[in-house]
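First comes the structure, then the notes that go with it.
Residues take their numbers from the sequence shown, with the count starting at 1.
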Amino acid sequence: METNTDIKNIAMADLIKKQNLIISGPCSAENEEQVIRTALELKATGRVDVLRAGVWKPRTNPGGFEGAGGKALSWLLQAKKLTGLPTAVEVATSKHVEDALSFDTDILWIGARTTVNPFSIQNIADALKGTNTTVLIKNPINPDIKLWIGAIERLQKVGIENIGLIHRGFSSYGNSEYRNAPLWQIPIEMKRLFPDMPMICDPSHICGKKETLLEISQKSIDLAYSGLIIESHCDPSVALTDKEQQVTPQQLVELLDAMVLKTISTGKKDFVDELNHLRAQIDCFDDELLALISNRMKVARKIGEIKIENDVTVLQASRWNEILDRTIKKSAGLDLGSTFIQSYMEAIHIESIRIQDSLNKMK
Ligand code: PEP
Ligand code: MN
């Protein structure tokens, strides 16, 4: 017989797959009044599907506000009763899982600092066994796609079927434009590997400030993400954590209104015809590129052969500098980004070296 929990889990599994899912709420549940006020204001916008709040906060340095702990779960339960919004909470240990579920939390998420640690993920997975809870997994803080995949596998092994992914960016050394570099290629690769798993963007933790939230949110929509998790607070100026990046519920509405929502496809005949025509051109260019690269590698092989005959090293640093310099300069006049050309030439050069090296081994 289906229990209320089963019914809820099925509903949550469907909900996280919703196109343009919006999860919002405070970084941290600070006190009952703040949670309830934020939840009511979010509900009144009519734009939010799930209420989020951190209850246990992993902090980089000691002495900061580490969350209100278990008692905040009852504030969230109260907020759910008042608004009808399902709730989502971050869990980092098996005890968190048990406590959150005992307060009827609807969705759990695993934070970036937890996804990096297979022991923690296993501990959480063991506590989730047999629950069929819906779980969202944030990317690990470091750009290691295998850890993200490993976390999915550990949950799937204990029977968790309803998993969504959250892209919150990756930490890096030194100052950068973003609090956490987006490195879009990683979530794009995860979308390729797990096409049926919803990919949700967390622009708040990527940006670290309000000003760039729109740009990152829009970019995620353009990349066919299915939803957004955005931190909001009834009064961000007094927030105890992540003050700079939290928006008011009203600012959330303004942000969502400023975005252009996209669909994955449309049946419009003109669009489909034009798209197919342009894609045919892309396929032709890709074929030409492959043939050109293959010819280039044949020349590299010949160079490798004469290097061997003359006992000359495969790597010629000054020639490599010259190639890079020449192609980057040339790319400027061809409307090609220098970062792209640098990575492209590096990939070509590594392959040339591999070919020339393999000749060495055959000798
Ligand atoms: C959060 O969502 O408040 C949080 C702590 O995020 P992350 O795990 O991405 O740092
Ligand atoms: Mn936060």
Side-chain angles (χ1 to χ4, degrees), residues 139 141-146 167-193 201 203 206-209 211-212 214-225 275 277-361:
N139 65 257
I141 43 175
N142 52 331
D144 183 343
I145 199 167
K146 291 197 179 124
H167 169 217
R168 54 76 81 193
F170 302 86
S171 55
S172 54
Y173 180 68
N175 295 335
S176 81
E177 192 186 350
Y178 299 108
R179 178 176 174 193
N180 291 292
L183 306 184
W184 295 99
Q185 65 274 28
I186 295 177
I188 289 173
E189 175 63 1
M190 288 297 277
K191 274 169 69 67
R192 190 182 69 79
L193 295 171
C201 183
I206 292 177
C207 300
K209 55 179 191 262
E211 291 72 17
T212 41
L214 175 59
E215 169 206 321
I216 292 293
S217 304
Q218 183 66 54
K219 173 133 186 176
S220 74
I221 297 293
D222 289 335
L223 291 173
Y225 282 43
L275 187 67
H277 172 69
L278 293 170
R279 283 184 171 165
Q281 289 183 36
I282 292 277
D283 287 347
C284 283
F285 284 126
D286 282 346
D287 289 349
E288 281 177 39
L289 279 174
L290 287 175
L292 284 173
I293 293 172
S294 165
N295 285 340
R296 191 192 191 283
M297 292 307 163
K298 281 182 196 136
V299 177
R301 175 182 285 268
K302 281 197 188 126
I303 294 178
E305 283 163 4
I306 61 169
K307 278 181 184 163
I308 288 189
E309 276 166 30
N310 292 282
D311 286 329
V312 168
T313 56
V314 164
L315 179 66
Q316 298 281 316
S318 61
R319 169 64 180 155
W320 169 224
N321 257 325
E322 188 188 303
I323 292 179
L324 206 52
D325 207 42
R326 197 178 77 83
T327 47
I328 289 180
K329 274 199 191 110
K330 211 162 178 180
S331 69
L334 296 169
D335 211 9
L336 294 166
S338 61
T339 317
F340 159 64
I341 291 302
Q342 169 131 8
S343 332
Y344 169 75
M345 290 312 298
E346 274 166 5
I348 296 267
H349 187 240
I350 285 170
E351 179 61 4
S352 290
I353 287 183
R354 188 192 65 77
I355 290 170
Q356 296 189 353
D357 245 355
S358 70
L359 298 174
N360 254 330
K361 284 176 199 124

Nearest non-hydrogen partners of P143 and F170, listed with the distance: CA-CD2, 3.4 Å

Minimum heavy-atom distance V314-D357, with the two atoms named: CG2-OD1, 4.0 Å

Name every donor-acceptor pair, under 3.5 Å, that has one atom in a side chain of residues 325-349 and the other anywhere in the protein, sequence neighbours excluded.
{"from": "D325", "atom 1": "OD2", "to": "K329", "atom 2": "NZ", "distance (Å)": "3.0"}
{"from": "T327", "atom 1": "OG1", "to": "I323", "atom 2": "O", "distance (Å)": "2.8"}
{"from": "T327", "atom 1": "OG1", "to": "L324", "atom 2": "O", "distance (Å)": "3.2"}
{"from": "S331", "atom 1": "OG", "to": "I328", "atom 2": "O", "distance (Å)": "2.6"}
{"from": "Q342", "atom 1": "NE2", "to": "E346", "atom 2": "OE2", "distance (Å)": "3.0"}
{"from": "S343", "atom 1": "OG", "to": "T339", "atom 2": "O", "distance (Å)": "2.8"}

Pairing residues for D222 by the salt bridge (Lys or Arg N to Asp or Glu O under 4.0 Å) criterion, not counting sequence neighbours: K262

Non-hydrogen side-chain atoms of I206 and H167 separated by less than 4.5 Å: yes

With sequence neighbours excluded, residues passing side chain to side chain donor-acceptor pair (under 3.5 Å) with E305: none

K191: side chain to side chain donor-acceptor pair (under 3.5 Å) partners, not counting sequence neighbours: none

Interatomic distance, E211 atom CD to I216 atom CD1 [nearest 0.5 angstrom]: 13.0 Å

Euclidean distance, E215 CD relative to C207 SG, rounded to 0.5 Å: 7.0 Å

Can you list the residues that meet the side chain to side chain contact (heavy atoms under 4.5 Å, CB included) rule with [X], with sequence neighbours excluded?
{"X": "D144", "result": "N142, K146, L147"}
{"X": "L278", "result": "E274, Q281"}
{"X": "N310", "result": "I306, V312"}
{"X": "L275", "result": "F271, R279"}

Could you give the side-chain donor-acceptor pairs of residues 293-302 under 3.5 Å, partners two or more places apart or in another chain?
{"from": "R296", "atom 1": "NH1", "to": "S352", "atom 2": "OG", "distance (Å)": "3.3"}

Inter- and intrachain pairs under salt bridge (Lys or Arg N to Asp or Glu O under 4.0 Å), touching residues 173-185, at least two apart: R179-D242

Salt bridge (Lys or Arg N to Asp or Glu O under 4.0 Å) contacts in which one or both residues fall within residues 280-295, not counting sequence neighbours: none

Donor-acceptor pairs under 3.5 Å, side chain of residues 180-190 to any protein atom, not counting sequence neighbours: which ones?
{"from": "N180", "atom 1": "OD1", "to": "R168", "atom 2": "NH1", "distance (Å)": "3.4"}
{"from": "N180", "atom 1": "ND2", "to": "H205", "atom 2": "O", "distance (Å)": "2.8"}
{"from": "E189", "atom 1": "OE1", "to": "R192", "atom 2": "NE", "distance (Å)": "2.9"}
{"from": "E189", "atom 1": "OE2", "to": "R192", "atom 2": "NH2", "distance (Å)": "2.7"}

Enclosure of I282 CD1 (heavy-atom neighbours >12, cutoff 6.0 Å): no

